[in-house]
Amino acid sequence: MSNDRFLAKDALGDFLCHCQGLGYTVYSPQKQEGVRESVVFAPWQKGCEIQLAKATVSPKHLLLPQSEVLFRFRHEKGEEGKSSAVHLEDTSQQAQPTLLFAARPCDARGFTMVDRPYLQGLYADPYYAKRREGLCVLTLCCNSGCESCFCHWTGGGPSSPEGSDILMTDIAEGLVLQAITEKGRKLLAQSDLPEAGAASDQATELRRKAWQSLDKAPDLTEAPHKLKELADNLDFWTEQSRACLSCGACTYVCPTCYCFSISDERRFSGMEEGVRLRSWDTCMARHFTEEASGHNPRALKAQRLQNRISHKYAGYPENWGSFSCSGCGRCVTHCPVGIDIRHIVLAAIALPDTQAKEARS
Amino acid sequence: MHLAYFPGCSAKGSSLDYELSTQAVLNALGITVWEIDDWNCCGSTPAHAVSTELSSALCARNLDLAAKAGADQLLTPCPSCLSNFRATAKRLEDPDFREKVNALLDTPCAETLPPTSSVLQAIGELVDCETLAKKATISLKGLKLVAYYGCLMSRPPELMHFEDPENPMLIERMLEALGAEMLDFPLKTACCGAAFGIPKRPLTAQNSGRILELAANLGADAIVTCCPLCQMNLDLRQAQAEKAMGRHFGLPVPYFTQILGLALGIAPQDLGLAKLVVPMDALLPKLAPKTSAPNA
Amino acid sequence: MRIGVFICHCGSNIAGTVDCARVASLAAGYPDVVYATYPMYTCAEPGQAAIEQAIHEHRLDGVVVASCSPRMHEPTFRKTVERAGLNPYMFEMANIREHVSWIGRDIEANTHKAAELVLLAVEKLRRNRPLYSREFPVTRRVLIIGGGVAGIQAALDCAEGGIPVVLVEREATIGGKMAKLDKTFPTVDCSACILGPKMVDVAQHPLITLYAHAEVEEISGYVGNFSVKIRKRATYVDWSKCTGCGTCMEKCPSKKATDRFNEGIATTTAITIAFPQAIPKKAVIAKDFCRQLSGKKCGVCAKVCPTGAIDYDMQDTFVTENVGSIVAATGYDLMDWTVYGQYGHGRYPDVISSLAYERLMNASGPTEGHILRPSDGREPKSIVFVQCVGSRDPSLNRPYCSGFCCMYTAKQAILTKDHIPDSQSYVFYMDIRAPGKMYDEFTRRAQEEYGTQYIRGRVSQIFPNGKGQLTVMGMDTLLGKPVEITADLVVLAVGIEASRGARELAEKLRISYDAYGFFMESHVKLKPVETNTAGVFLAGVCQGAKDIPASVAQGSAAAAKVLTLFARDCLASNPQIAHVDNKRCVGCGKCVRCCPFGAISTCTVRGEEKAEVIETMCQGCGLCTATCPQGAIQLAHATDDQILAEVDALCQI
Amino acid sequence: MPCRQLIHHMEAAFPPRPSQRAIHAEYSMNETIRLSKSSSPGVAASPSFSQEVASTSKQPIHTCYQCGNCSAGCPAAFAYDLQVNQIMRAVQLNQKDLVYRAKSLWLCLGCATCSLRCPNNIDVACVMETLRHMARAEKKATVPVVEKFWLSFLNMIRTFGRSYEIGTMVLFMLRSLRLTTDVDLAPQALVKRKLGLLPHTHQGREAVGRIFTRFHELQCKAREGR
Amino acid sequence: MPDIAKTERRIVGFLCNWCSYGGADTAGVARANQPTDLRIIRVPCSGRVNPLFVVRALLHGADGVLVSGCHPRDCHYSTGNFYARRRLELLKHFLPILGIDPARFAYTWVSASEGQRWQHVVTRFTEEIHALEPAPHFEELEPLYLSQRQSTEPKRPFMPQPPDLLAKLKEEIRTHLPELDCVLGWQKGRDALHAVPFFLRQEEDLERLSLDATCHNSLVRYLPEYKGKKVGIIVRGCESRALVELLQEGLIAREDLHIFAIPCHGLLDVARLEEELGRYQHLENLVIEQDSLRITVDGKERSFSPQAFLRSTCLGCASDEPVLADTCLGSFTAGESTPVTAPELALLDGLNLTERLRFWRGVMDRCIRCYSCRNSCPMCVCHDHCIAESRQPHWQSAEHSVTEKFFFQIIHALHLAGRCTGCGECQTNCPVGIPIFALRAHLNRVIAELFSGYQAGRDAQAVPPLLSYMVDEANIQEREWQ
């Protein structure tokens, strides 16, 4: 692997500065103080401490901002309010080249799961596409497993390269950078980082060890089938969702939840003008499916939990051939009431067929 | 409780009998007080008539002495001194004023000053009437008395906090408990004419005269006082008042401590009774040992 | 929406300091505004016609007028747009006169401000919805609380107008304070002679139901439909049997009962009839003084009662009456003058209140009309009257004038001279207030014909001089000399205070009261009889100090208001009220708790508790809207969205 | 205590005043009060006087409605040339001269009966005291005998730290030239030992002396400042 | 008109229609000259003024807000201004903790006849606002990040639960379970450090019942879902107070509840323990003792002081005595609560106004609007109808701006005023660790100050302070405007 480069820990700042020089806005994990530490991906500036910890919240907001302006509208009037026209102003062309530093393999794999519906469907989402194109992902491999992570259950792993442009392995004195995509190769080529040499082998060994450290993953092949059968089993889902608070923590920390809401927000400027917003929405909230009539097809939290789990482990696989869960475990750690998606999926698989089919409406 | 004691200038002069009887009564009631060292005159009326700051500086020095001696409370028999102390403590709450007063003093006045009280009020608070009656050995039965508090004891009410400002009853409650007949005395808080006896005699003679006349009309045997200045005006200057009113009164004007002392069985000479200008001698024979002994 | 904006010049009132044309041209750019103009006088007939025309011409569905205060012309313009076919509530005003042109001279700043206020109005109007009143039936009965002269007058006028009346009186007899008076000023005619017939009329009128010795316990409901729970306090005498013969009074052995009717200058029996002309003339036992009821053996009255009316086991009972309107006529009480230590705290028997003096002079009083000193029964020769005792005294939190003391003091001075020709009266006063018809002449007569000495000054102290008389220390401020009078009797013209329990009653009635407990009228000048609670009216001193003629006039006025209210079968409700969004309401009851009118109840909708607004009771204050955390209850015309839009329009501009 | 030193202290702290009689003579006529600005003869108002009194005394002068209660209860009213309520009125009308020449100011006994019974909660006694301070600051004490008595009293305190009755009397008699003051009381007072013949002695008197010295210095400074 | 914009300040007035608006009219009629800055919004009653309108204006750029109503007792609606007085006074005390200068807000009373007073009030207030800097733009402030580490001594020292408590509790539940639909308790979640809510239905479930200082979720939160059913619930002191609040609001029925009260000496801050433990794969053992907290992770035993890992929200708790209980287990500490300032609040107390605003600017930025704070709060009874997400009324936009996020926390805090029982779940469950408990703790402190020591949930019969009033408020010093 002669192309691998070595990035010494004390040269991290210089490297990121170099990337900024290439026109990238650099996002890196940053610790922010509060009641307790929180690690979030935020714009990096020279002098910022460089964190390598796994972030509390996934970096999906780099592609899907918490809210984004799709367009602006303005009702324009002529003299004395006589003639009038609605003026629209597009905002999709404003994506900046962005470099994401020290994402984790689950984060990067998460991008691929969002890519499919946003880029590979009938219509590509232009807002998303622009950002995706400009995004360069530098992923830091995990050197060990973690109690709450389960990337290897869903087809990933501590050094899985999907979604990454460069994979980085932490070998204590520095990082070994391995280009995965052309974009990554180009970035490495533009850098003056030294060749990794022997460090490259050290990195390979660490990655192997990480894989070995993982507990054995259960077989989830049956999951889509079982979940489909369970779709109408309200008893099962009521039991699973009993503690659910219907908050949005699970969906908002998730790297693969991509649902949104559209709303128009007026500006009070003395004119009729405003913006159309696309903003994160959570399927765990009651209002997510509330219809204008007041009718709500998923009025119960049991139905909403069923929808969320089934989408990730049954619906999405049916359309795109993979689970839409990268196993990052954030929903597990951040659920205020400890709802564990692993347990639900395993419980569904464990249920004998006859019981699963016992449909209740 | 550390009770500091400020006798006031008159205690060492014109009202020596008040001082004697006060000490004797406090002693008999088991109340221990410490006279503060090195006290000075509170400035009385002339000081505050001339300058509030001067008056407060004179008072503050005394309050400061009491504070530094660790007093929990500062007692004085004289309502005028008390009034000046209270007014000073109140004014010192204003930092600007405090600064002005401190500028007059050798050392700045202590931040926290002990509360001040009159001997009368303190006795009222420390010894209830029942206890007082139990301790008494002589009955005051047969004495028809009026209590005269003067104006400063209860005014201004927001400073003095002494009973109903129009109708204080503390002396009445005490002496009634000891057997005396206390007459309702509407002029009990009227002004005696204050220190004007010297510069403007008619002012004092007229006012003291009114008080004496009403007490005489009501048939009182004596007027019981708690203020050295009032006592002096009603007693020493009684002849001047008689002249002004055109009538003879001959009313003894003892201090409440003297009457209390008599009831507690203290010898008249220890109460300075001989110092009264209008003698009480005619009343003394009315006093007799209590007939009903306790538990009898 | 299509909004028209009219920026009024108001002659030069607005145009003098606001560039109206510029405001109109800015307004034309505001959202939904399709027409903007700047007429000279918008409220004038041509101005209103122009609005109507514009509504038709430009197909407007909302109108903003920027002119004077909406408190002035909002009703006017609502009618204007209604004439043009719009819902009257699709209208908003911007106040650019009182709040802009009249308070600042900078044209630039004023114009800018006016334009922003118009924007506020436009943003609010865009969120207005048409509102419609509802009609509801009324119960044509009236409750009158208080049987003094004002209440009696109101009751008789209502009953004569054909309205059934429920009259509740706290005492055992109606008549109020007037029944205690000897004579009345300025004619010096006998109080009992003029009031007595009216009291009898009340007793005999078929449409009047009288509950004496009773109090209002609870009031619920709203204008047209009140429900009133009345507590009939136990009298221990079955009034259906009592004939008022008075035998029980003669035989009652407990003779030391406080005689409240005689203002405490005498005592009476435990079982008593207040006075010979009492209505109803029925006996009542004062529990505290009755031997039988205090657990001792007695039972004399029960033995002597010829009709067997005595019932020692009687308990309070309750009746509920439904009425459509309420008149509060609860009168006043004398303040407790014994707080004045300088007047002896009440411990000198010959210092008495003016009302006690009325009883001393009254032929039906304890002295049978002979003025005798309470201390020794001697006839006083030197009488001092002191005015403003408890009136105009901020140190006792009674800064107000009691209104009638000057007059009755003059009357009492005159009557004193009539009773005791060799007496001399002195009146200490601060100012003589005698603005009524024949009033000033009357006070002059007291001085000129009856030789009463009027001395201008307050009295500092009153005390016994030890010789059986009282020393009164006063001041003649006209001479600048202190005055001392030796008096046989001192009469204090004691000021009035709100009737005992007035505040509690106001809270039951949901009306306001002032700092002293007097009930608040709706407008001090233009709505002196109405309160802010629809259907509740005021009569007499409960609203503020007044004398007998004024009380009677207000009693009649209140009756007129009741009759006006009942002239229609149905009432229209105010549509600017709160509405509950059942989808959002979680039934937590916070709105129910704080509604000042009890206008929110709860109901069950599909098994869930929801708040429900009683349309006729809601007065539209919006407290509930500010209280509801989920915004489920919204005040029409002042919704959260409307106020938020106004805030945002101001802050995001 | 050497007598000379005593007199020296007295003179230093409270220098003798110019003849008060002269001030008196100025106002022997009964004049019209000119409230508006006018050149006609009469007593002009001092515009900020009532405000100054109100702010110095912290009392709501303007709430006085002339009920006369203060005067009615005043024990010195019989001796007043201008009654308390009239003084309040004069203050309201900014009649500084009228107030300053009233003897009443100096005859006030300070008993506060007026304050106690004022229906408007005005501390009238405090207003009177404030007026005395203000008048003294303008050297207008119209009853010198009272002032002399105060000063005599204060001089004793300055010298001895405590009051010394006989000293006060002697000094007062010297200053007021009223050599027979209270001689009628002397026999009894002396027989009954009502008066201490010698002043008290204590260490604090020097500290008290320093209080007076500083007070005097500050007063001089304030006067120069003005 | 840019010139005006430079010389004027943005001042918003809320005036009641009947008195103050009339007073402003009277001032106008008298041609009483006034500064032009103020813009008046007419409302029916000062009681209609939701304090959130005021905050909204101040956060969105108003330099000052003035509310004026009828004088107390003169309210056209009888009592509306009494309620307004309490709420606005509370707001006045709340603004500083947000970093908003309370001088920017004033409330007063002006009657329709008091034109002069109105002129005076407007002139004074406008002058005061001009004397301040223009209001800072929240979004443009530089964030201030500060570390908040527990530094306060707990009010009561930590104690592990008595060893036999769980067994006793199980016995009690076993007795009562037959008459109950369900019992709300806790069980272990993914490992021994993580407890989750547990809904016991059958006797077999008792085995899984767990009870220790990691069981943090407030089960009261679930009770309204069980309305009409008979349920058992395990509560600690703060949770019993939350029960009282829900009972006061009629959202649960006492007769449907069986309350098992247990003592509590503070809960563990699991998130901070996780921070200390770092990434681990297996957690085998958790032992909680008086002085040591031992956890075995990946074969290694780590030991901690439980005192140092108490939840900050528990530190100020004086008493675990249940207000309501059917079955009491263990012994409780009755305590007069002289509240200890929570460390997150102490941190804010030590900052000046600008620093506080910058602090919130920093921490609120990372809010993801997941609403865990709200949804785990036992007092957030609006549940699916929160105004944060409704379009009508439209209090909040969907925009993820830091102002909107901050405004939500203000809404939450003010809606909890007088109701918050201080369980701290809002903060504990925040995925990004925003110290929002400080706002609640501050409001609780203010409520106690203003309303004679009132504490939510202490007395089932008490009327919540913001839903009642006193004609003469003992602790509210209204401004005199002299």
Side-chain angles (χ1 to χ4, degrees), chain C residues 335 337 339-345 384-402 405-406 426-433 454-463 470-485 487 490 492-495, chain D residues 30-31 33 54 58-93 95 98-99 101-105 107-128:
Chain C
M335 68 90 69
W337 67 270
V339 297
Y340 281 95
Q342 61 266 48
Y343 301 159
H345 282 316
V384 170
F385 295 91
V386 182
Q387 292 199 179
C388 293
V389 177
S391 299
R392 302 175 68 196
D393 190 341
S395 70
L396 291 175
N397 193 31
R398 277 183 177 72
Y400 52 85
C401 169
S402 295
C405 319
C406 290
Y426 305 89
V427 175
F428 282 96
Y429 73 101
M430 287 206 287
D431 300 287
I432 300 176
R433 298 192 167 168
Y454 270 67
I455 305 144
R456 197 203 168 279
R458 258 184 193 269
V459 168
S460 175
Q461 198 178 1
I462 303 166
F463 58 93
L470 296 156
T471 301
V472 180
M473 288 168 60
M475 171 74 192
D476 188 329
T477 61
L478 302 180
L479 265 183
K481 294 283 176 208
V483 170
E484 211 169 280
I485 298 172
V490 177
L492 305 177
V494 178
Chain D
N30 193 6
E31 330 86 327
I33 291 169
K58 300 194 181 74
Q59 294 304 314
I61 305 283
H62 60 279
T63 62
C64 172
Y65 57 26
Q66 287 297 308
C67 67
N69 208 341
C70 44
S71 304
C74 177
F78 69 90
Y80 278 9
D81 50 354
L82 205 58
Q83 296 298 334
V84 198
N85 66 301
Q86 292 174 319
I87 290 176
M88 294 295 291
R89 183 73 195 131
V91 172
Q92 284 179 334
L93 287 183
Q95 297 302 304
L98 197 60
V99 172
R101 89 177 101 117
K103 290 183 193 165
S104 314
L105 278 191
L107 301 179
C108 167
L109 297 162
C111 70
T113 309
C114 45
S115 306
L116 177 68
R117 297 187 186 145
C118 175
N120 289 307
N121 287 329
I122 305 171
D123 186 346
V124 185
C126 172
V127 175
M128 292 290 277

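Below, all heavy atoms of this structure are taken into account, side chains as well, without hydrogens, waters or symmetry copies. Because the structure is a prediction, the values reported are computed rather than measured. Naming: A, B, ... by sequence-line order, numbering from 1 per chain.
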ask   = Within the distance-only criterion (no hydrogens, no angle test), does the side chain of Ser71(D) pair as donor or acceptor with the backbone N or O of Asn85(D) below 3.5 angstrom?
value = yes
query = Is it true that a side-chain atom of Tyr343(C) and a backbone atom of Val459(C) form a donor plus acceptor pair closer than 3.5 Å?
reply = yes
ask   = Just by distance, do the side chain of Thr477(C) and the backbone of Arg456(C) share a donor-acceptor pair under 3.5 Å?
value = yes
query = Quick one: of Cys70(D), Cys114(D), Cys67(D), who has the most non-hydrogen atom pairs under 4.5 Å with chain C?
reply = Cys67(D)
ask   = Which atoms form the tightest heavy-atom contact between Asn120(D) and Thr63(D), and what is the distance?
value = ND2-O, 3.1 Å
task = Below 4.5 Å from any heavy atom of chain C, which atoms of Cys118(D) appear? Answer side chain, backbone, both or neither.
result = backbone
request  = Could you tell me which portion of Gln86(D) (side chain, backbone, both or neither) has an atom closer than 4.5 angstrom to a non-hydrogen atom of chain C?
outcome  = side chain
query = For chain D, which of Glu484(C), Met473(C), Lys481(C) has the most heavy-atom pairs under 4.5 Å?
reply = Met473(C)
ask   = Between Arg392(C) and chain D, which part of the residue has a heavy atom less than 4.5 Å away: side chain, backbone, both or neither?
value = both
message = On a heavy-atom basis, which atom in Pro394(C) and which in Tyr65(D) lie closest, and how many Å separate them?
response = CD-OH, 4.3 Å
